[in-house]
*Asks:* 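Structure provided below as structure tokens; questions to follow.
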Amino acid sequence: MGRYPRSFFERYTPSVAKDLLGCKLVRVIENRRLAGIVVETEAYRGRRDPASHAYRGRTRRTDVMFEEAGDAYVYFVYGNNWCLNITTEPKGVPGAVLIRAIAPVEGVGAMVKNRGPRCGVHIADGPGRLTKALAIDGHFNGEDLVASKVLFMERGTRPTRIERSTRVGVSRGGSFLWRFFIPDSKFVSRGKFDTTQNP
DNA sequence: GCAAAGATCGGCT
DNA sequence: GCCGATCTTTGCA
């Protein structure tokens, strides 16, 4: 299956977030593929988006958001979890798509092993969970997903239905409907959520 | 230097 | 369904 050129990621962040639904996130560990279909994403864009880490300008942490598109932006939250983003927009414009959930399709056994025996059905249905399932941590910050052999996106089939809502877990930027998900998937991280705007 | 909040998860009731 | 762990980054004194 084909991979995306950098130009795919260099577009308006919410468009990229929406277009990534149905695509396959692939992680290669010791020549074995662990992969899942992306079912839930969120967009964070620009200095005008109060929920974005880049809201207050460029810092050491958000550096990759300002760099070229198609790189991994991996950061640590709540003292427990890593979150995987893919940078977007042309160089100089900060943007990233948070991958919130995937539906496991390849190497499911290995993912469960990474998650631990008590994970149940919650293999990769959450930003922190999917990074653990795919063994992704801060070392991947800045990884070029267009060229990488160990972490990248593959083209998939476009989902028949897509819904959008407010983003999860953010206290500001509530008027942005920048969370995109496949409502038919049981692997989205939370309930179907509000699809109505409520600032 | 220090204090506070945070793009969450897992375990327990 | 609720609550606590846990630690980095940032903002301000």
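Treat the numbers as computed from the prediction; the structure is a model and nothing was measured. Chain naming here is simple, since letters A, B, ... match the order of the sequence lines and numbering starts at 1 in each.
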*Asks:* Both distances below 3.5 Å, Watson-Crick or wobble geometry, any strand: find the nucleotide opposite B:dA7.
*Replies:*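 No nucleotide pairs with B:dA7.
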*Asks:* Using a distance-only test with no angle check, is there a side-chain donor-acceptor pair under 3.5 angstrom linking A:Thr88 and A:Glu10?
*Replies:*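 No.
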*Asks:* Would you kindly compare A:Val170 and A:Lys132 by the position of their nearest DNA chain B nucleotide and give the one closer to the 5′ end?
*Replies:*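 Its nearest nucleotide lies further toward 5', so the answer is A:Val170.
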*Asks:* On a heavy-atom basis, which atom in A:Ala72 and which in A:Phe140 lie closest, and how many Å separate them?
*Replies:*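 Here A:Ala72 and A:Phe140 meet closest at CB-O, 3.3 Å.
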*Asks:* Does A:His53 form a side chain to side chain contact (heavy atoms under 4.5 Å, CB included) with A:Arg61? I'd like the steps, not just the answer.
*Replies:* CA-CA 8 Å; A:His53 289 164; A:Arg61 180 208 218 179; 3.8 Å; yes
*Asks:* Please name the nucleotide paired to C:dT6 by Watson-Crick or G-U wobble geometry with both distances under 3.5 Å, or report none.
*Replies:*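 Pairing partner: none.
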*Asks:* Could you tell me whether the phosphate oxygens of C:dT8, OP1 or OP2, come under 4.0 Å of any side-chain nitrogen or oxygen in A:Arg61?
*Replies:*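 No, A:Arg61 has no side-chain N/O under 4.0 Å of OP1/OP2 on C:dT8.
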*Asks:* From CG of A:Asp125 over to P of B:dG10, roughly how many Å is that when rounded to an integer?
*Replies:*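 About 9 Å, once rounded to whole Å.
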*Asks:* Tell me whether the OP1 or OP2 atom of B:dT8 has a side-chain N or O from A:Arg100 closer than 4.0 Å.
*Replies:*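 So the side-chain polar atoms of A:Arg100 do come within 4.0 Å of the phosphate oxygens OP1 or OP2 of B:dT8, strictly under.
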*Asks:* With a 4.0 Å cutoff (strictly under), does any side-chain N or O of A:Arg172 reach OP1 or OP2 of B:dA7?
*Replies:*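 Answer no for this pair, as no side-chain N or O of A:Arg172 is under 4.0 Å from OP1 or OP2.
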*Asks:* Apply the side-chain contact (heavy atoms from CB on, under 4.5 Å) test between A:Trp82 and each candidate in A:Leu134, A:Val74, A:Ile136; give the one that qualifies.
*Replies:*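 The option that passes is A:Val74.
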*Asks:* Is any N or O donor-acceptor pair between the side chain of A:Tyr75 and the base of B:dA7 shorter than 3.5 Å?
*Replies:*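 It does, because a donor-acceptor pair links the side chain of A:Tyr75 to the base of B:dA7 below 3.5 Å.
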*Asks:* In whole Å, I'd like the distance from the CG atom of A:Leu177 to the P atom of B:dA7.
*Replies:*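 Roughly 18 Å, once rounded to whole Å.
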*Asks:* Closest approach to the side chain of A:Phe76, judged atom by atom: which nucleotide of B:dT8, C:dT8, B:dA7 is it?
*Replies:*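 For the A:Phe76 side chain, the nearest candidate turns out to be C:dT8.
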*Asks:* Does A:Arg118 make a side-chain N or O approach to OP1 or OP2 of B:dG11 shorter than 4.0 Å?
*Replies:*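 True: A:Arg118 side-chain N/O within range (under 4.0 Å) of B:dG11 OP1/OP2.
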*Asks:* Let me know the distance between CE of A:Met65 and P of C:dT10, rounded to the nearest Å.
*Replies:*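 About 12 Å, once rounded to whole Å.
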*Asks:* Looking at A:His53, does any N or O in its side chain come under 4.0 Å of the phosphate oxygens OP1/OP2 on B:dA7?
*Replies:*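 Yes.
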*Asks:* Applying a strict under-4.5 Å side-chain criterion to I, L, V, M, F, W and Y, I'd like to know whether A:Tyr73 and A:Phe9 cluster together.
*Replies:*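 In one cluster with A:Tyr73: A:Phe9, no.
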*Asks:* Expressed as a whole number of angstroms, how long is the span from A:Leu84:CG to B:dA7:P?
*Replies:*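 Nearest whole value for this atom pair: 16 Å.
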*Asks:* On the nucleotide B:dG10, are OP1 or OP2 found under 4.0 Å from the side-chain N or O atoms that A:Arg129 carries?
*Replies:*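 Yes, within the criterion.
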*Asks:* How many whole angstroms separate atom CZ of A:Arg58 from atom P of C:dT9?
*Replies:*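 Value for this atom pair: 16 Å.
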*Asks:* State plainly whether the residues A:Glu106 and A:Lys24 are in salt-bridge range, i.e. N to O under 4.0 Å.
*Replies:*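 Answer for the salt bridge query: yes.
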*Asks:* Taking the side chain of A:Thr59 as heavy atoms from C-beta outward, which of B:dG6, B:dA7, C:dT10 is closest to it?
*Replies:*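 Nearest nucleotide to the side chain: C:dT10.
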*Asks:* For B:dA7, take OP1 and OP2 only and decide whether either is under 4.0 Å from a side-chain N or O of A:Ser52.
*Replies:*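 For A:Ser52, the contact criterion (side-chain N or O under 4.0 Å from OP1 or OP2 of B:dA7) is not met.
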*Asks:* Expressed in angstrom and rounded to an integer, what is the separation of A:Asn80 atom CG from B:dA7 atom C1'?
*Replies:*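 Atom-to-atom, A:Asn80 to B:dA7, this comes out as 14 Å.
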*Asks:* Between C1' on B:dG6 and CD on A:Glu42, what's the gap in Å once rounded to a whole number?
*Replies:*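 Taking atom C1' of B:dG6 as the reference, CD of A:Glu42 is at 14 Å.
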*Asks:* Return the value, rounded to whole Å, for the distance between atom CZ of A:Arg60 and atom C1' of C:dT9.
*Replies:*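 Value for this atom pair: 9 Å.
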